[in-house]
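First the structure, in the form of structure tokens, and then the observations on it.
Computation of the quantities below employed the complete heavy-atom set of this structure, encompassing side-chain atoms and omitting hydrogens, waters and symmetry-equivalent molecules.
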Amino acid sequence: MTPALELSELVVTLDGPDRTALRALDRISLSVAPGEILGLVGESGAGKSLTGSAVSGLMPAAARIAAGEIRVDGTRIDNLPRSALRRLRGRRIGAIVQDALSALDPLYSVGDQLAETIATHSGARSWAEAQARAVAWLGAVGIPAPEINARALPQQLSGGMRQRVVVALALCAGPCLVIADEPTTALDPSVQAQIIDLMMRQARRENTAFLLITHDMGIVAEAADRVAVMYAGRIVETGAVADVLARPKHPYTRGLIGSIPALSERVARLHQIEGSMPRLGFPSPACPFAPRCPRVFGRCRSERPELMAAERGEVACWLWPADADAPQPQGATADA
Amino acid sequence: MLLFVVSRILQALPVFLCVVLVAFVLFAFVGDPVLIMLGQNYTEAQRAATAHRLGLDQPLIIQYCRYVWATLHGEFGVSYRLSRPVAALLAERLPATAELAITATLLSVAVGVPLGVFTAVHRRRRVAGILLSICLVALSVPTFLLGTLLILVFSVGLHWLPSFGRGAVVHIGWWSTGLLTASGLRSLVLPAATLGLYQKSLITRLTRVEMLDALGTEHIRFARARGLPRRSIYVTHAGRNALVPIVTLAALQFGGVLAFSIVTESVFQWPGLGLLFIQSLGAADIPVLAAYLILTAAIFLTLNLAVDLSSTLIDPRLRSSLRGFPPARDR
């Protein structure tokens with residue numbers, strides 16, 4: 001089956017001062033199958049959002065694709081002219097953003113914005129028909145009294161309602177892939193669960209693929225089928241969510257999972273990963289996580305590990321394969 | 001909406017009365033109309049009789065009230081210089097100035113707004129930089145110099161266009177229009193260009209800044225992500241978001257050229273209000289100057305009301321009636 005999204009060896013650089021190019025994404029390879037939800041996790045600045053915007057073609061002006069390929073539903077899109085890309089946006093690639101209030105135009109009712117998007121992509125015969133379909137979509141994403149709320153301006157709706165509108169805007173043209181960049185971060189937990197549920201139902205029912213970008217391992221555990229962990233512009237671990245959560249291979253992944261406090265136990269101090277990510281533009285031959293890694297050893301500081309198959313996933317760490325000249329990993333629970 | 005209009009008019013009323021007060025003070029304390037009317041030789045009895053006939057022996061507050069009353073009825077007294085009713089003078093001059101101001105403002109908006117949008121959308125292209133530099137030059141050239149240069153080139157040099165006056169006019173009721181005759185239209189070109197160039201440049205620069213602001217917002221980014229066509233992004237979304245300050249500037253500019261196109265009207269000897277004003281100023285023609293002051297205030301108050309109304313049409317957030325919309329809640 002053709003993957004809905006396939007990145008191969010994608011390199012994105014940022015224009016630095018004095019015509020230097022900083023490598024912000026370093027040979028990212030991943031794929032998302034139709035109907036699959038891939039969680040892309042990592043700290044702020046790891047390159048998650050940049051990966052998403054490279055696919056939707058909305059990267060910041062200073063960023064450019066230096067190498068690699070992006071394929072959506074089998075079609076290569078990274079070398080398309082802007083006009084062709086514009087036709088794909090919204091129609092084949094939907095986008096859900098974090099801040100629904102600033103993402104909606106404050107001057108038009110949510111019904112009008114939805115109707116405009118529907119009319120643009122699916123050739124509604126008349127504005128009235130587009131309006132009617134917009135109301136139907138508002139109902140489909142769980143907005144009560146859609147005929148009335150369609151006339152509301154974005155700022156007249158609650159945060160959860162607005163996010164539902166954003167979801168409807170992303171889905172209304174029937175895309176095969178949706179880039180969801182921190183879709184629930186601004187919402188309270190009960191509304192978070194509803195939005196997650198909405199995306200999961202869409203994935204199952206319409207076979208829509210989701211690239212779910214988040215810093216929250218809890219969201220990934222709840223919604224995603226597979227997970228890719230990013231660190232400093234690279235993917236350091238991938239695998240099925242159940243495998244990665246139960247038995248994280250990379251010390252960074254382990255740290256991320258350890259950062260979620262368990263409800264059953266009270267701890268004096270929340271777990272944290274010491275230090276911060278290396279800054280861009282200081283390439284070093286070492287593993288970028290080495291300075292913060294609790295299990296660092298000699299080889300980590302002289303040679304950078306590549307992503308390679310390990311059990312049922314992939315990991316970029318010298319602790320794998322397990323027969324390497326390193327201390328054996330201690331299992332899933334103990335660390336830090 | 002009606003409530004909104006009424007409240008705005010009530011707010012404007014004190015301002016208007018203040019301006020009328022200033023005009024009245026001009027009348028009451030600058031020069032003595034009795035002496036002007038009686039000339040060189042008169043007796044004290046004649047002076048008292050004239051003052052009584054004009055109501056000038058009554059308390060100031062009574063005089064002010066009578067002045068307001070007369071103003072509201074469109075009576076502004078008689079011009080000292082021309083010995084004609086001021087209201088008739090203004091009505092005679094208003095069409096010339098109004099046609100000039102409307103033409104100049106329409107031209108400046110029709111050219112300035114698209115140029116502003118263009119320079120914002122193509123901000124990295126060299127053409128945009130050149131256009132902006134031209135605007136900056138146009139903003140720095142004084143009106144009298146620009147007018148004189150245009151006359152020199154197009155009237156004296158090329159003989160294409162007349163250098164002064166309004167050309168032939170057609171009377172429709174009390175309104176005289178130069179828009180219906182060829183010579184009237186030809187006469188309009190140079191003064192309108194002189195007035196419009198400055199306005200156009202101002203509007204271009206404001207439009208550019210507002211558009212850049214609007215284009216940088218998150219909702220425009222999201223509109224692109226939804227694949228909306230460029231036209232919709234630039235006009236429907238960014239354009240409408242940028243529009244309120246542009247309308248405000250254009251309206252105030254329009255008021256400005258309607259009331260104060262004195263230099264341009266002098267350069268082109270345009271028979272409008274500005275020319276009347278400068279001539280009356282020279283002759284210390286107080287009734288005309290006072291009436292002109294009141295007319296100017298009325299123009300700007302009306303324009304402000306129009307701007308407020310159009311702003312609420314453009315930006316629904318300004319509509320107080322919408323605050324009652326039932327806010328939706330999560331289930």
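If you take CZ on B/R221 and OG on A/S56, they are separated by 7.0 Å, rounding to the nearest 0.5 Å. Taking CD1 from A/I96 and CZ from B/F222, the interatomic distance works out to 8.0 Å, rounded to the nearest 0.5 Å.
Side-chain contact between B/E218 and A/L101: absent, with no pair of heavy atoms (C-beta onward) separated by less than 4.5 Å. Considering only heavy atoms from C-beta on, B/P316 comes within 4.5 Å of A/L107 through its side chain.
Within 6.0 Å of CG in B/L72 there are more than 12 heavy atoms belonging to other residues, nucleotides or ligands.
Using non-hydrogen atoms only and a strict 4.5 Å limit, no part of residues 302-309 of chain B faces chain A. Residue-level contacts of residues 224-248 of chain B with chain A, in order of numbering, are B/R224, B/A225, B/R226, B/G227, B/L228, B/P229, B/R230, B/S232, B/T236, B/H237, B/R240, B/N241; threshold 4.5 Å between heavy atoms.
Neither the backbone nor the side chain of A/L88 comes within less than 4.5 Å of any heavy atom in chain B. Heavy atoms of A/Q155 lying under 4.5 Å from chain B belong exclusively to its side chain. For chain B, the nearby part of A/T120 is the side chain; its heavy atoms alone come within less than 4.5 Å.
Top candidate by heavy-atom pairs under 4.5 Å with chain B, chosen from A/D99, A/L85, A/L104, A/I93, is A/L104.
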